[in-house]
Amino acid sequence: MMKLRWWRVDASEVAAVTAMGVWEAVLAGGGRRFIKRKDSDAGETGRALEELRSSLYNEMHSSEGAKRQQQRFCGPSVALTFNFAVAVGIIVANKMVMGSVGFKYPIALSLIHYAVALVLMAILKALSLLPVAPPSKSTPFSSLFALGAVMSLSTGLANVSLKHNSVGFYQMAKIAVTPTIVAAEFMLFHKKVSCQKVITLATVSIGVAVATVTDLEFNFFGACVALAWIVPSAVNKILWSNLQQTGNWTALALMWKTTPVTIFFLLALMPLLDPPGLLLFNWNFRNSCAIVISALFGFLLQWSGALALGATSALSHVVLGQFKTIVIMLSGYLIFRSDPGVTSICGAVVALGGMSFYTYLGLKKEAAVASGKKPPSRSNSFLGKPAGDGGSSDYEDSV
C-alpha cells in the first residue's frame, strides 16, 4: 500500500517533470524562434516607419523634394488657371486703390506689395512651411541679385506706365515683349523658335494690337516709361523660368531670396518716379484696408506668376497675359454690354484663334513625347511640361 502511494507520488512528480521538460523544449526550439520572429517583424515594421518618416522629411525639407511636390500638385494647367484668376482679382483691387481710394503712388504701391509678401513668407518660414532653397553654391548670388533688380524695374515701370498711359497703349507695349523674349533667349541660351511658333505668335500679337488699337492715349513721359519697361519685363520672365527649370528652385523659395533685393531697388526708384506727398496721404482704416487687400492679391499674383513660369516658359506666360486682356475685353462686351467696336472684336477673335493654335502645337508635342516619338519641335507649349533637372529646357525650339 505504501509502495503504491510512493508510486503514485513519483508518477505525479514524473508527469510534472515531463511537462516542464516539454515546455522547455518548446521554448528552446519553436517558441524561441516564434518570439524571435515576432521581434524581427516588429523591427522590420519600425525600420519601414523610420524610412517613411525620413522620406517625408526629405520631401518637405530638401530643395529636390520641394520641387517635386510643386511639380506634382501644381502642373501647368493649375498654375496658369491660378495666375489667371488672381490677375483678374488684382485688377479689381488696384482699380479700387487707384480710383476710389486715390492712391497715386505706383512705386510705393509696388513696395507695399513686396513688403507684405516678405512678411507673409517670413511667417511661413517661422512655421517651417517655406520650401528649402538649393545650396548657395548651386546658384550664384549674382543671378539672384539680377533677378531681384529686374523684378523691381519690371513691376515698378509697369505701374508707372499704367498711370501715365491708357490700357490700350500698355497692351501695345506688352506685345513688344514677345519678340524681345525670343531675341533674348536666342542671345542668352541659344534657343530658337520654330516657324510655326513664329507665325502663331505674330498672329496673336496682331490680334491683340487690333483689339486694343482704339484706346491709345499716352504722353511722352509715359511712352518713354513703356519702352524702358519692355526689356526688364522680358528678362524677368526668362530668369524666373530658367532658374526654376534648370535648378531645384521652387516659386516661394526663389521669391524669398529675391524679394529683399527687389524692395531695395524699389526704395531707390520711389523718389525718382513717384510724386511727392506719400506721407500726407489719408491713411485711414478704409484706405489702409484697401491697400492691404491689394497687397495680398499682389503676393498671390507674384506667387502664381512664378508657378506659371516654372511650369511653362516665358513665352507661354506672355501669351497668357494677352489671353487675359482679350477675355476681359470680351467679358465686358458680353456681360456689361460695353461696345469696343467691330474692329476690336474681330481682333480679339483673331487673337483667340492664334492662342488656340499655340496651345494645339504644345499639346501635339506632349502627345508625341508621351508616345515615345521625337517631337517635331522642342518649343514649349501654352500648357507645356517643365524640363527635368540639369537638362535642356523644355521650351527650347528647333527650326
Side-chain angles (χ1 to χ4, degrees), residues 56-87 89-90 110-141 143-152 154-155 236-266 292-314 316-317 320 385-389:
L56 291 175
Y57 180 85
N58 290 334
E59 285 291 318
M60 298 301 296
H61 295 84
S62 67
S63 58
E64 296 86 352
K67 183 177 179 180
R68 284 194 297 268
Q69 291 295 327
Q70 176 176 298
Q71 292 175 345
R72 183 181 305 168
F73 295 106
C74 191
S77 300
V78 175
L80 292 171
T81 303
F82 180 31
N83 184 243
F84 177 80
V86 174
I90 200 171
S110 300
L111 179 63
I112 294 172
H113 285 191
Y114 283 98
V116 171
L118 186 63
V119 171
L120 291 176
M121 288 186 289
I123 295 174
L124 293 177
K125 186 174 180 62
L127 297 175
S128 299
L129 297 177
L130 192 73
V132 178
S136 57
K137 61 181 180 181
S138 64
T139 304
F141 177 74
S143 298
L144 300 176
F145 186 84
L147 180 56
V150 297
M151 172 66 80
S152 64
S154 174
T155 306
N236 173 54
K237 296 178 186 298
I238 293 171
L239 290 179
W240 271 100
S241 182
N242 185 67
L243 282 176
Q244 288 188 76
Q245 293 190 9
T246 59
N248 290 319
W249 287 97
T250 59
L252 283 175
L254 198 53
M255 288 168 59
W256 172 251
K257 291 292 185 179
T258 57
T259 298
V261 180
T262 302
I263 291 176
F264 171 78
F265 278 95
L266 287 175
V292 170
I293 291 173
S294 173
L296 293 175
F297 272 105
F299 166 70
L300 293 177
L301 182 66
Q302 184 188 0
W303 183 26
S304 62
L307 288 172
L309 285 168
T312 57
S313 71
S316 299
H317 196 254
L320 176 65
K385 296 172 69 176
D389 295 349

Sub-3.5 Å donor-acceptor pair from the side chain of [X] to the main-chain atoms of [Y], do we have one?
{"X": "T246", "Y": "N242", "value": "yes"}
{"X": "T155", "Y": "S152", "value": "no"}
{"X": "S241", "Y": "K237", "value": "no"}
{"X": "T81", "Y": "V78", "value": "no"}
{"X": "T262", "Y": "M151", "value": "no"}

Show the nearest heavy-atom pair for residues [X] and [Y], with the distance to one decimal.
{"X": "V261", "Y": "A149", "result": "CG1-N, 4.0 Å"}
{"X": "W303", "Y": "A251", "result": "CD1-CB, 3.8 Å"}
{"X": "Q244", "Y": "T250", "result": "OE1-C, 3.9 Å"}
{"X": "V132", "Y": "A253", "result": "O-CB, 4.2 Å"}
{"X": "H113", "Y": "G298", "result": "ND1-CA, 3.9 Å"}
{"X": "T258", "Y": "L144", "result": "CG2-O, 3.7 Å"}

[atom2] on [Y] to [atom1] on [X], rounded to 0.5 Å:
{"X": "L80", "Y": "L307", "atom1": "CG", "atom2": "CG", "answer": "10.0 Å"}
{"X": "I123", "Y": "L118", "atom1": "CD1", "atom2": "CG", "answer": "10.5 Å"}
{"X": "I90", "Y": "Q302", "atom1": "CD1", "atom2": "CD", "answer": "10.0 Å"}
{"X": "M255", "Y": "W249", "atom1": "CE", "atom2": "CH2", "answer": "13.0 Å"}
{"X": "L254", "Y": "L147", "atom1": "CG", "atom2": "CG", "answer": "5.5 Å"}

- prompt: Please walk me through it: do F82 and L300 pass side-chain contact (heavy atoms from CB on, under 4.5 Å)?
  reply: CA-CA 9 Å; F82 180 31; L300 293 177; 4.3 Å; yes

task: Evaluate the criterion side-chain contact (heavy atoms from CB on, under 4.5 Å) for residue pair V150 and L239; output intermediate values, then yes/no.
output: CA-CA 9 Å; V150 297; L239 290 179; 4.2 Å; yes

message: Please tell me whether F265 and Y114 form a close aromatic pair, meaning their ring centres lie under 6.0 Å apart.
response: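 No, they do not, as the ring centres are separated by 6.0 Å or more.
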
